[in-house]
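Please read the structure below before turning to the comments.
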There are 4 protein chains.
Amino acid sequence: MPDSRRPRSGNRRDEAARLAVLHAADDLLVEHGFAALTVEAIARRAGVAKQTIYRWWPSKVEILLDTLIEDSAKRFPVPEGKATAEAIRGYLRAFARFLTRDPAGKVLLALLAQAQHDPATAESFRERYLGPRREQERALLTRATEAGEIAPRLGPDAALDALVGPLVYAALTGAAVPRGMVSALVEDVLKPALPAN
Amino acid sequence: MPDSRRPRSGNRRDEAARLAVLHAADDLLVEHGFAALTVEAIARRAGVAKQTIYRWWPSKVEILLDTLIEDSAKRFPVPEGKATAEAIRGYLRAFARFLTRDPAGKVLLALLAQAQHDPATAESFRERYLGPRREQERALLTRATEAGEIAPRLGPDAALDALVGPLVYAALTGAAVPRGMVSALVEDVLKPALPAN
Amino acid sequence: MPDSRRPRSGNRRDEAARLAVLHAADDLLVEHGFAALTVEAIARRAGVAKQTIYRWWPSKVEILLDTLIEDSAKRFPVPEGKATAEAIRGYLRAFARFLTRDPAGKVLLALLAQAQHDPATAESFRERYLGPRREQERALLTRATEAGEIAPRLGPDAALDALVGPLVYAALTGAAVPRGMVSALVEDVLKPALPAN
Amino acid sequence: MPDSRRPRSGNRRDEAARLAVLHAADDLLVEHGFAALTVEAIARRAGVAKQTIYRWWPSKVEILLDTLIEDSAKRFPVPEGKATAEAIRGYLRAFARFLTRDPAGKVLLALLAQAQHDPATAESFRERYLGPRREQERALLTRATEAGEIAPRLGPDAALDALVGPLVYAALTGAAVPRGMVSALVEDVLKPALPAN
DNA sequence: TAGTAAGCGAGACGGTACGTCTCGTCTTTCT
DNA sequence: AGAAAGACGAGACGTACCGTCTCGCTTACTA
């Protein structure tokens, strides 16, 4: 049994330090906003040396990405099996809830924001987060279309932007997502009255 | 008659300095990104003392807001008279063009991003930019609905988020806005097949 | 009779402004020290525009010099007639009192100090203050020597430094000038036991 | 045995940086005067970050004090053993030489000057420099008096002011210290013809 | 069972930008 | 033409973080 008072250090990566950093970053973002999220503040809060952070993460953005990837997989995984309209609706509802209710939703918004300021963040964010998720989402839509559940006027990527965009935009501008919005989006975007055109 | 080629203006605000700052900020944002947009750099580029900037603007964000408000009014004014579906489509096309083609579109994205990092920016951005424009846009939609041109399933604010959100989200994630997306959004969101529900 | 409510301005130098500046400078020096004596502060305190100060004085040092010259002539004029040892003693006592008791003594110390930091001040201070006074003091000593009242071992300039130096040095280092110091200096420096050498 | 050619010292104070700052301050004072002695200029000249200066010194005055204390101990130490009139004369000659010939003498004058402008400087200067030296000087005079070498009319502190004051005052006013002045002061102040009074 | 190599807390370092302050110059407007 | 008002370019102030570095320690694997 390791000494519980101080199992610190050694010559392998210290898991406790890793978690302390992730949680400190998350907490600081939620409590004081991205502006207060400096590497020094994270180190202070986590009780960790600055160098320990730089040893494992190239930037604070990557720390946030690590937490976001984990949290997203937990809170709103892309449905794998059943490709029904209802599954899509449920997924979007979970996403909207994550954005507007979950403290971790702030991380997504902060990274999307930071990607506008810094190309390296944009690259990482797309590569490690947006890209993989979009792939799964596209597959979901494709399966649903093939199953005849939906018949979007737009291609899968544009359709996803049309579904996700409004929710993200509302969150970015501080607007509430009104009850029924997700349903309406699914109806309008995924099941348009095609003959009308 | 005042001399119109007044070089520097005594104890009144120096218009040349004001313009130099606005242009310097704009140029720096486009050329080097928001991260390089420091007050010192703006002052350097504009050939202006730092104090002259702080005298008139509380932060670099307000500088950008000033340029954005002017540019937006010029490049994609909200249609005032004719409230047809076609007018709305034209407006959204101009907006999409501004976001993706116009260098000044970067300013909008940067401010929307910065608003996520800093509550003061969020407040200013909403108050001075998003709010006023949204008001006009809402009026446009309301007039069009009353004229029977459109019949949105969603309320005006949610409908606008559903139209604008996808365009903004695409720009934020670096995705292209595919040809036909604006038309599809207008059809889907503003003229849904209501009886079908 | 000029309008007493506001005889301000016109096209001749405003005497009220001149006096306000001199008094403001003096007061600020005494109240807050030389460090707080900025041209802006003087202008504020005197209720005068900054430019009015720069129009008439090349620097704040010259303002202080103006007040010092006036005050010195009033508080410890160099004795003109009687060249006795007693006259010299009296003069030095008045000088010591000015340095340690009179608020205006701070002006002398401040200018002597500033002369160390800035060659222009040194030049002005020597030219307009130290030089003229030293001339009179030298004459006093010469007359007293010729009258057989004193027999200094040192030349007149060195003797004056030997008399004035200790008083100034004590004031500069915040030491008190002990009772009897002036008498002892006069005895030691001006009436040494020459045969003993 | 510790490696004596340790180039940079990890988390301990960097001695090279300390010396670079002291020398830069000294050089700048001598070359361009106290007015040009800004913390920024010192940092620039020393090739050191501004923060490194602020980490170790509360103000530029303390930097100068550090150099002055070291230099004074080297150039004109207070004689410790032999308390003869000759020892005192030698000490004063070394002091006069330091003031008028040695570039480091400017530091003493500058600090004495700055002490007039700023109470904090006065406090530090007295506490760290004037006080300790005066203590040693007083002891020297006391020993010499007890040994019958001198018989000053004034108390030790006043006598020291009477010896040092003229030299400092001459330096402050840019006057030369004439050959024989130190001797005359020692004779006049320390060996007055007491019975004659 | 030592030696060694890596991780760690600590924190100094050279930099850069912050937002504030005062400088001395300038221009306008009023008297 | 003098004066009040105050904007302006310039540049130093002292602070906060950046990302890099070195130190002295603690541990776990290797010889």
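Atom set for the values below is all heavy atoms of this structure, side chains included, hydrogens, waters and symmetry mates excluded. Within every chain, numbering begins at 1; the chains are lettered A, B, ... in the order of the sequence lines, protein sequences first and strands thereafter.
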side-chain N/O B/Arg55 vs F/dC8 OP1/OP2, d < 4.0 Å:
yes
Starting from P on F/dA7, measure out to CD1 on B/Ile53 and report it in whole angstrom.
16 Å
Over how many whole Å does the gap from D/Ile63 atom CD1 to F/dG14 atom P extend?
10 Å
Could you check which of E/dA17, E/dC13, E/dG7 has an atom nearest any side-chain atom of D/Arg13?
E/dC13
So, OP1 or OP2 of E/dC21: does either fall under 4.0 Å of a side-chain N or O from C/Thr38?
no
Charged N-O contact under 4.0 Å between A/Arg45 and A/Glu31
yes
I need the OH-C1' distance between D/Tyr54 and E/dG15, as an integer number of Å.
15 Å
So does C/Lys50 reach the base of F/dG6 with its side chain, donor to acceptor, closer than 3.5 Å?
no
Mind calculating the distance between NE2 (B/His32) and P (E/dA17) to the nearest angstrom?
12 Å
Whole-Å distance separating the CZ atom of B/Arg12 from the C1' atom of E/dC30:
12 Å
For D/Arg18 and C/Ala41, find the nucleotide of DNA chain E closest to each by heavy atoms; which residue's nucleotide sits nearer the 5' end?
D/Arg18
With a 4.5 Å heavy-atom cut-off, do D/Asp71 and D/Val107 have their side chains touching?
no
Separation of A/Asp118 atom CG from F/dG19 atom C1', in whole Å?
15 Å
More than 12 heavy atoms from other groups under 6.0 Å of NZ on D/Lys60:
yes
Could you give the CD1-to-P distance, from A/Ile42 to F/dG19, as a whole number of Å?
11 Å
Closest-nucleotide ordering on DNA chain E, the 5'-leading residue of C/Gln51 and C/Val39:
C/Val39
So, are B/Asp66 and B/Arg18 salt-bridged, with charged N and O less than 4.0 Å apart?
no
Rounded distance in Å - CZ (A/Phe34) to P (F/dC17):
14 Å
First of B/Gly47 and B/Glu40 reached from the 5' end of DNA chain F, by closest nucleotide
B/Gly47
Please state whether the phosphate of E/dC13, meaning OP1 or OP2, lies under 4.0 angstrom from any side-chain nitrogen or oxygen of D/Trp56.
yes
Side-chain touch B/Leu64/B/Phe34, heavy atoms, less than 4.5 angstrom:
yes
Between B/Thr52 and F/dG9, does any side-chain N or O lie under 4.0 Å from OP1 or OP2?
yes
Picking from F/dC8, E/dC8, E/dA17, the nucleotide nearest the side-chain atoms of A/Ala17 would be E/dC8
